[in-house]
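One structure below.
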2 protein chains.
Amino acid sequence: MTEAVEYDVVVIGGGPVGENIVDRTRAAGLSTALVESELVGGECSYWACVPSKALLRPVLARADARRVPGLAGAVGGPLDTAAVYAHRDYWTGDWKDQGQIDWLESIGVDVHRGHGRLVGVRKVSVTGPDGEQHVLSARHAVVVATGTRAMVPDLPGIAGARPWTSREATSARQAPGRLVIVGGSVVASEMATAWQGLGSQVTVLVRGARLLPRMEPFAGELVAEALREAGAVVRTGVGVEAVERDGSTGPVGVVLEGGEVVEGDELLMATGRAPRTEDLGLDTVGLTPGGWIGVDETCRVPGFDWLYAVGDVNHRALLTHQGKYQARIAGAAIVARAAGAPLDTAPWGAHTATADTRALPQAVFTDPEAAAVGLTLAEAEQAGHRVRAVDYDLGRVSGAGLYADGYRGRARMIVDLDREVLLGATFVGPGAAELVHAATIAVAGEVPIARLWHAVPAFPTVSEIWLRLLETYRG
Amino acid sequence: MTEAVEYDVVVIGGGPVGENIVDRTRAAGLSTALVESELVGGECSYWACVPSKALLRPVLARADARRVPGLAGAVGGPLDTAAVYAHRDYWTGDWKDQGQIDWLESIGVDVHRGHGRLVGVRKVSVTGPDGEQHVLSARHAVVVATGTRAMVPDLPGIAGARPWTSREATSARQAPGRLVIVGGSVVASEMATAWQGLGSQVTVLVRGARLLPRMEPFAGELVAEALREAGAVVRTGVGVEAVERDGSTGPVGVVLEGGEVVEGDELLMATGRAPRTEDLGLDTVGLTPGGWIGVDETCRVPGFDWLYAVGDVNHRALLTHQGKYQARIAGAAIVARAAGAPLDTAPWGAHTATADTRALPQAVFTDPEAAAVGLTLAEAEQAGHRVRAVDYDLGRVSGAGLYADGYRGRARMIVDLDREVLLGATFVGPGAAELVHAATIAVAGEVPIARLWHAVPAFPTVSEIWLRLLETYRG
């Protein structure tokens, strides 16, 4: 092992989070290294958000078009799936990262290809593809941004069944005849929408009571209803006991509690995420491998002045955009600390990731789309807020009815009755993904209800839901 | 003439503005009469926003679908225009207002069908369809909410040419072979988009330098570019001198300055709006007929304690949603004054229409859509603000590229450098109409830039334009 190469900042993990960190530390003049064992650009770019949305957009656009009089007749048929896959491949850069590498080089970041591991305080070893190892040291900060991998439960027969995870589900080049999906989360809901739309017969097996369990109940209910209308089977309250598959191309059987077997041509296990921290050398600095890495509001690991964990791996919010947000905040904190400058760690300060807990947004690209920010009613009540949930049928908004014939959707805002501000909002309906940012600004901005009354939605947009919600609240 | 029937409030004009006023005064227990000479529901419901959007949505949805790989091939052909017109007719209730009448009766509003005129202080005469006249008197308030009509310039030959105005353009049941549109405003731009999409060969003759002159320059430029690509002819800097038409079904000729004649099968004059105040009895209370009616921030006419003018007719903002906003504000002011309660007329107070001047939103349903709120760069500079315009190419946002292949659009935000808040924002691109409400909340809420930094747009939505604009601003 050669002598350590010294940098100001060493980042392990070159997904969107790591990329945002290095962008900020470099812009501040800090020498920076990025260690990546797979593709720079990360899960999001190659096996998650980007390819999934490339697959989903044609499905959702067709569903939208089918609800438009005068256009509906033209879009009754199947999609040109070859064009869809080719477009998805374009967006993933055919799973090559040269463009990202070129950008990093252009901003002066050293990219170290290989597996990064902590090897003591401020030290990171990099094991290259050929097994060669070298060590980096960090004057100011080591940032762990290794994200998550799909977590597949250790069911009998699971290994031999070779299930899809989010990676295969977003990179497949052909729709399975029958796709069985185990799970009810965002991945399960989106991939059910995508593959049912791309030609599969999809069956979703949900352990819990509904899809999208972290959102308001009506979100998962409306998505399940639409999936069923699109021809998918959605079963809730279903436990899986084992998986069976003979040979490499045969059908796969999912054995439910009680013994029933659901058969498919492929099986997608969308059963959660696990942190990529097993083989990260956490033990060399006294932390436990394999777990989530807890951090403070600046994304620094308590007890360390040099170690940060940013993005999925800290378990604050498993969403690309929120990891990028944390990267902006943590990047600013690293830069400020390196310069000996004071930090602003008051709520909503420049160096504190307040939005993780107060204004976390999410958009789910199902049909209907589901988007939310902040607290649900249940979360707000559990947190002890005195709140009122205000609901409105999105289909009754003129702009929605003009957008889609028979528009179905629902919106809810959660009002903090003591402060008269919004704590959260949920929108479910066609196009809802673009409705939520207004709520994110209202929640993060703590804009009083009395002022929101002056924020006039243009007629006839779907956004007029805001007027209806406020009118309903004010009675 | 019989003795006057007394009410607390008499509203002249039953468009969305009048309807919102009476809804509020009735809810507060004030006896209320509504006078309407045509259809209750007004211009917006029958000959403007609603039918225009019913015509436009299929055109825009097809344009959107053509930009989606895998779906584009299916939507290359013409729209089923019969279905489009039938759907438009459904949304206008086949130009019948019984549903609106039923609703007004259900909330206890007396509807007086006929032409309303002021006949002195607190008195309104109603001339019914049969010429019979009766008088209403108002204890607390008379509200003029008569809106506007299309203003057609008095060109040689114009009467004989029987030009379309916005009414014919939104209610026509067949696409003219060649439609010539004079004007460059919202009506001109939207109707050009609609009718070119529904099968006409459209020619737009714009006197000024561009379409949509009240928006940021790039809005009209992008809309003109797209109209041309769709096959329309858009000519700017063109003055019209006269109009020629022989007989009732022959072609119409538009004579340009210089003598060139542009021929069409129909002519749409989209040349502005005039207040409906000519025959309103304004002279009986000392005001001048035919003009706009100036009002204070509560929408009350200066010098009167009982006379209000709300909506288009006061010339503060010629937009349905903003008229409705004024109706909410003025309605609350009328109710408060009737009760002898104090008014909150501080900026953004409950009884002041501050958004008219500070946060006026508009959405134009062209392809691309154009939406804006607050001040443009030119308006902000003219008002003496120290500002910076921050621009970003919407097509570079991942969410936009995934929404539409080759997405073209642009966004601009105007930052007040002294207060570090937004004074305005403009979004032009497919789907932009739903992007603007976030900016409306930011502008009306005066949310500081430093707080907007914590309002995280979900990835990959088009709304991520917010992150790019803020990053660009912060450098």
Side-chain angles (χ1 to χ4, degrees), chain A residues 49-50 53-54 57-58 61-62 64-65 68-71 73-75 77 79-81 83-84 86-87 91 320-322 325 348 350 354-355 359 361-363 371 398 402-403 405 431 433-438 440-442 444-445 447 450-452 454-463 466, chain B residues 49-50 53-54 57-58 61-62 64-65 68-71 73-75 77 79-81 83-84 86-87 91 320-322 325 348 350 354-355 359 361-363 371 398 402-403 405 431 433-438 440-442 444-445 447 450-452 454-463 466:
Chain A
C49 330
V50 170
K53 273 57 178 187
R57 173 64 185 145
R62 181 179 57 173
D64 272 0
V68 176
L71 185 62
V75 293
L79 294 164
D80 173 359
T81 52
V84 175
H87 189 241
W91 272 89
T320 290
H321 48 269
Q322 210 66 12
Y325 165 74
W348 308 111
T354 309
Q362 178 159 29
S398 295
L402 287 161
Y403 182 83
D405 201 28
E434 300 298 345
L435 299 181
V436 76
H437 194 60
T440 304
I441 290 178
V447 181
R451 185 62 69 88
L452 289 174
H454 291 277
V456 181
F459 184 83
T461 61
V462 187
S463 298
W466 279 91
Chain B
C49 329
V50 169
K53 272 57 177 186
R57 172 65 185 144
R62 181 179 56 172
D64 271 1
V68 176
L71 185 62
V75 293
L79 293 165
D80 173 359
T81 53
V84 175
H87 189 241
W91 272 90
T320 289
H321 49 266
Q322 208 67 13
Y325 164 74
W348 307 113
T354 309
Q362 178 160 28
S398 295
L402 286 160
Y403 182 81
D405 202 28
E434 301 298 345
L435 298 181
V436 76
H437 195 59
T440 305
I441 290 178
V447 181
R451 185 62 70 88
L452 290 175
H454 291 277
V456 181
F459 185 84
T461 59
V462 187
S463 298
W466 280 90

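Here is how names work: the chains are called A, B, and so on, in the same order as the sequence lines, proteins then strands, and each is numbered from 1.
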> When only pairs under 4.5 Å are counted, which of B:Asp64, B:Val436, B:Asp405 shares the most heavy-atom pairs with chain A?
Replying inline: B:Asp405
> Quick one: of A:Gly431, A:Ala444, A:Ala363, A:Ala371, who has the most non-hydrogen atom pairs under 4.5 Å with chain B?
Replying inline: A:Ala444
>> Under 4.5 Å from any heavy atom of chain A, what part of B:His437 do you find: side chain, backbone, both or neither?
In response: both
> Of the backbone (N, CA, C, O) and the side chain (C-beta and beyond), which part of A:His454 lies under 4.5 Å from a heavy atom of chain B, both, or neither?
Replying inline: both
>> Out of B:Gln362, B:Glu434, B:Lys53, B:Gln322, return the one with the most heavy atom pairs under 4.5 angstrom to chain A.
In response: B:Glu434
> So which of B:Leu435, B:Val50, B:Val447, B:Leu79 has the largest heavy-atom pair count under 4.5 angstrom toward chain A?
Replying inline: B:Leu79
> Does any heavy atom of chain B fall under 4.5 Å from the side chain of A:Thr461, the backbone, both, or neither of them?
Replying inline: both
> If you count heavy-atom pairs under 4.5 Å between each of B:Ala438, B:Ala359, B:Ala350, B:Gly73 and chain A, which one has the most?
Replying inline: B:Ala438
>> At a heavy-atom distance under 4.5 Å, which candidate from A:Ser398, A:Ala54, A:Ala450, A:Ala86 has the highest pair count against chain B?
In response: A:Ser398
> Does B:Ala61 have any side chain to side chain contact (heavy atoms under 4.5 Å, CB included) partners at least two apart in sequence or in another chain, and if so, which?
Replying inline: A:Val68, A:Leu71, B:Arg57
>> Please determine whether side-chain contact (heavy atoms from CB on, under 4.5 Å) holds for the pair A:Ile441 and B:Trp466, giving the CA-CA distance in whole Å, both sets of side-chain angles, and the decisive distance to 0.1 Å.
In response: CA-CA 10 Å; A:Ile441 290 178; B:Trp466 280 90; 4.0 Å; yes
>> If I measure from the heavy atoms of chain B, does A:Trp348 come under 4.5 Å with its side chain, its backbone, both, or neither?
In response: both
>> Under the rule for salt bridge (charged side-chain N to carboxylate O under 4.0 Å, His left out), what residues qualify as partners of A:Arg62, not counting sequence neighbours?
In response: none
> Taking B:Leu402, B:Thr354, B:Val75, B:Val84 one by one, which has the highest count of heavy-atom pairs under 4.5 Å against chain A?
Replying inline: B:Leu402
>> Counting only non-hydrogen atoms closer than 4.5 Å, does A:Leu452 touch chain B with its backbone (N, CA, C, O), its side chain (CB onward), both, or neither?
In response: side chain
> Among B:Pro457, B:Pro58, B:Ala65, who wins on heavy-atom pairs under 4.5 Å with chain A?
Replying inline: B:Pro457
> Considering only heavy atoms, which portion of B:Thr81 lies under 4.5 Å from any heavy atom of chain A: side chain, backbone, both, or neither?
Replying inline: neither
>> Please identify, among A:Ala458, A:Ala83, A:Ala442, A:Cys49, the residue contributing the most non-hydrogen atom pairs under 4.5 Å to chain B.
In response: A:Ala458
> Is there a donor-acceptor pair under 3.5 Å between the side chain of A:Tyr325 and the backbone N or O of A:Ala355?
Replying inline: yes
